[in-house]
Amino acid sequence: VCCLMGQPVAGNPTQYMLEAAFNVADLDWRFLTLEVSSDDLQRALDGARVFGFRGVMLAKPHRGSVHPLLDEVSDLARVSGQINCIERRAGQLVGHNTEGLALRRLVEQQLPLKGVRAVLLGAGRFGKSAAAELALAGIEELTIYCLDPGPVQEFVNSLIEQTSLANCFLEPWPTNETLPLADDCRLLINATPVGRQDPRAALPVDFGARTTSIVVADTVYHPPQTRLIETALEQGYPTVDGLTLLVETAAIAFEIWTGQPADRATMRDAVEEFLVL
């Protein structure tokens, strides 16, 4: 048995993806979706230990607060401060971050990350996961744009201290202008909710007359083709859409728990059916 713990969890497609993956792999596994408040998280994890759950996925508000309740965490989970996947290994609870790893794997299919200059929009849960994984992957420079840079500065300082990333800049979100996107920037990631449920919602990004290609990734999965992704495709740039990223995030968790490859096509079909895409 594996499960999702969070509050709220209504509308979360994780169960549908993973149940489909277990079924096609012919595994006698089940996945539960559990409403768990912050006050009850410790007891819920104790229950997962007692009942021998193989894995736990975490939704808000638990991803940034679960660390003290675990026996071990991965490097990415430690650096990002975010955990979305727990593995029960020899009776111990081990925390992982499959979101950042999923992003890295998908981007590196199109662009080697070492030495790259990147721009990240947003510094929330996924933004921190992305920033940490990019730093661990050896990028040269990262610029983060967010609404309130003040509270994020401590995270940026920690990122520089714990990784080889020396050039990390924190900038306020532009109000009446577009984001400067240098020609040598090779990766743009949207980790904001702009575009969620609204395919016409626009980000303040202007690709301009670029002479180099850029990989564009969006964490918004509904709809999977946001205006950002659509514009990038029109320009002929490689993209990573949010639905592909969502599936990869769950697929990595499946592989951590089972030791088997996940059928990503089946998982995507399941989540598309759930979201009525």
Side-chain angles (χ1 to χ4, degrees), residues 4 6 8-21 31 33 57-60 63 82 84 98-111 118-130 133 145-147 173-174 178-179 181 187-207 213-254 262-277:
L4 171 73
V9 290
N12 192 303
T14 303
Q15 177 174 342
Y16 295 85
M17 283 190 290
L18 287 167
E19 283 274 342
F31 193 92
T33 298
M57 293 295 280
L58 294 175
K60 60 181 182 182
R63 290 166 172 164
Q82 302 295 311
N84 73 311
T98 68
E99 291 179 322
L101 182 55
L103 177 69
R104 176 177 178 173
R105 286 186 179 181
L106 293 171
V107 169
E108 285 192 327
Q109 291 175 10
Q110 309 181 71
L111 174 71
V119 168
L120 173 64
L121 310 181
R125 167 187 56 81
F126 204 110
K128 290 183 174 67
S129 301
E133 187 59 44
Y145 290 90
C146 60
L147 290 174
W173 193 265
T178 57
L179 293 165
L181 207 56
L187 175 62
L188 172 67
I189 302 165
N190 174 38
T192 77
V194 174
R196 186 181 300 163
Q197 306 292 343
D198 183 1
R200 305 317 305 163
L203 286 158
V205 174
D206 182 4
F207 292 109
S213 182
I214 183 171
V215 176
V216 178
D218 201 332
T219 61
V220 173
Y221 63 82
H222 192 24
Q225 187 155 318
T226 59
R227 185 169 178 179
L228 177 66
I229 293 295
E230 184 179 83
T231 303
L233 290 171
E234 289 172 352
Q235 297 288 330
Y237 300 138
T239 63
V240 176
D241 67 79
L243 188 60
T244 301
L245 185 56
L246 177 71
V247 170
E248 186 66 19
T249 296
I252 294 173
F254 175 96
D263 189 323
R264 287 159 173 78
T266 295
M267 295 174 71
R268 189 181 182 100
D269 287 344
V271 73
E272 286 182 347
E273 181 180 354
F274 176 79
L275 296 173
V276 196
L277 295 176

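- Electrostatic pairing of Glu230 and Arg200 counts as a salt bridge here, judged by a charged N lying under 4.0 Å from a carboxylate O.
- When all heavy atoms of Ala20 and Ala270 are compared, the pair lying nearest together is CB-CB, 3.8 Å.
- Judged purely by atom type and a 3.5 angstrom limit, Asn84 has no side-chain atom pairing as donor or acceptor with the backbone of Arg63.
- Around CD of Glu273, the count of heavy atoms belonging to other residues, nucleotides or ligands within 6.0 Å does not exceed 12.
- Taking both residues in full, the closest heavy atoms of Ile229 and Val240 are given as CD1-O, 3.7 Å, listed atom of the first, atom of the second, then distance.
- Rounded to the nearest 0.5 angstrom, Arg264 CZ and Phe254 CZ are separated by 9.5 Å.
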Gln225 vs Leu233, side chain to side chain contact (heavy atoms under 4.5 Å, CB included): CA-CA, chis, key distance, verdict:
CA-CA 10 Å; Gln225 187 155 318; Leu233 290 171; 4.0 Å; yes
Applying side chain to side chain contact (heavy atoms under 4.5 Å, CB included) to Val271 and Tyr16, what does each step give before you reach the verdict?
CA-CA 6 Å; Val271 73; Tyr16 295 85; over 6 Å; no
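- Residues Val107 and Leu187 meet the side-chain proximity criterion, which asks for heavy atoms closer than 4.5 Å.
- For Phe31, the CZ atom counts as densely surrounded, since its 6.0 Å shell holds more than 12 non-hydrogen atoms of other residues, nucleotides or ligands.
- Residues Arg105 and Glu248 are in side-chain contact: their nearest non-hydrogen atoms beyond the backbone lie under 4.5 Å apart.
- Lys128 and Ala123 make their closest contact through NZ-O, 2.8 Å (heavy atoms, listed as atom of the first residue, atom of the second, distance).
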Pair His222, Leu277 - check side chain to side chain contact (heavy atoms under 4.5 Å, CB included), show working.
CA-CA 8 Å; His222 192 24; Leu277 295 176; 3.4 Å; yes
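- Listed for the Thr249 side chain is no donor-acceptor partner under 3.5 Å among the backbone atoms of Ala102.
- Contact between Pro204 and Trp173 at its shortest, heavy atoms only, is CD-CZ2, 3.6 Å.
- The one candidate from Asn190, Thr192, Thr239, Thr244 that meets the side-chain hydrogen bond (donor to acceptor under 3.5 Å, both in side chains) condition with Asp218 is Asn190.
- Only one option out of Leu188, Ile214, Val205 pairs with Val119 in a side-chain contact (heavy atoms from CB on, under 4.5 Å); it is Leu188.
- Looking at Glu99 and Arg125, their side chains come closer than 4.5 Å, going by heavy atoms from C-beta outward.
- Side-chain atoms of Asp241 and Tyr221, non-hydrogen and from C-beta on, never get closer than 4.5 Å to each other.
- In this structure, OH on Tyr145 lies 8.5 Å from CG on Leu121, to the nearest 0.5 angstrom.
- Summarising the geometry of Ala201 relative to Arg227, their closest heavy-atom pair is O-CB, 3.5 Å, with the distance given to 0.1 Å.
- Atoms CD and OG, on Gln110 and Ser213 in that order, are 8.5 Å from each other to the nearest 0.5 Å.
- To the nearest 0.5 Å, the span separating CG on Leu245 from CD1 on Ile189 amounts to 9.5 Å.
- The line from CG of Leu203 to OG1 of Thr178 is 12.0 Å long, rounded to the nearest 0.5 Å.
- To the nearest 0.5 Å, atoms CD (Glu133) and OG1 (Thr98) are separated by 11.0 Å.
- A side-chain donor-acceptor contact under 3.5 Å links Thr33 and Gln15.
- Annotation for Leu243 and Pro224: closest pair CB-CB, 3.7 Å, computed over non-hydrogen atoms.
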